[in-house]
J.: 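Structure incoming, see below.
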Amino acid sequence: MLVDIKIGIINSPREIAFETAQTADQVEKAVSDALEAKSTHLSMQDDKGRRFIVPVSSLAYVEVGAEEARRIGFVA
């Protein structure tokens, strides 16, 4: 299962978008934990092994998509 993640950054017109193998609940918990602990950064990893490190003070929003199975084949 893959989950689409979009992270909005304050004062930036672009967002960070990637897919992760974490569940939607795991992503929500990671964001909540970083905010509650007043962490300096939020670290997440995508399904290809890339790591994204975002300063918590710069988070505008985190959008968590629905969990979907990996798509296989062609789209018509």
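Side chains included, hydrogens not; waters and symmetry mates left out as well; all remaining heavy atoms used. Numbering of residues begins at 1 and proceeds along the displayed sequence. These figures come from a predicted structure and were not determined experimentally.
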J.: Would you tabulate the side-chain donor-acceptor contacts of residues 27-40 under 3.5 Å, counting partners in other chains and residues two or more places apart, or write 'none'?
T.:
| unit_1 | atom_1 | unit_2 | atom_2 | d |
| --- | --- | --- | --- | --- |
| K29 | NZ | D33 | OD2 | 2.9 |
| S32 | OG | E28 | O | 3.0 |

J.: Supply the atom-to-atom distance R50 CZ to M44 CE, rounded to the nearest 0.5 angstrom.
T.: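 Here the rounded value is 13.0 Å.
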J.: What residues form a ring-ring contact (aromatic ring centres under 6.0 Å, His included) with Y61, not counting sequence neighbours?
T.: none
J.: Is any side-chain heavy atom of V54 less than 4.5 Å from a side-chain heavy atom of I16?
T.: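 With C-beta onward as the side chain, the pair touches.
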J.: Taking all heavy atoms of Q26 and all of Q22, pick out the closest pair and write down the distance.
T.: OE1-CA, 3.2 Å
J.: Quick one, E63 and E15 - any side-chain contact, counting heavy atoms below 4.5 Å?
T.: no
J.: Give me each pair satisfying ring-ring contact (aromatic ring centres under 6.0 Å, His included) with a member in residues 25-59, each pair once, sequence neighbours excluded.
T.: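 Residue pairs with at least one partner in residues 25-59: F18-F52.
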J.: For A17, check side-chain contact (heavy atoms from CB on, under 4.5 Å) against everything at least two apart and list the hits.
T.: K6
J.: Which atom pairs, one a donor and one an acceptor, fall under 3.5 Å between side chains of residues 7-14 and the rest of the protein, sequence neighbours left out?
T.:
| unit_1 | atom_1 | unit_2 | atom_2 | d |
| --- | --- | --- | --- | --- |
| S12 | OG | R14 | O | 3.3 |

J.: For A21 and D47, which heavy atoms make the closest approach, and how far apart are they?
T.: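 Scanning both residues, the minimum pair turns out to be N-CB, 4.4 Å.
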J.: Of the non-hydrogen atoms in G65 and A24, which two are nearest, and what is the gap between them?
T.: O-CB, 4.5 Å
J.: Name all residues meeting the side-chain contact (heavy atoms from CB on, under 4.5 Å) criterion together with Q45; count only those two or more places apart in sequence or in a different chain, and write none if there are none.
T.: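 Per chain and number, Q45 pairs via side-chain contact (heavy atoms from CB on, under 4.5 Å) with R51.
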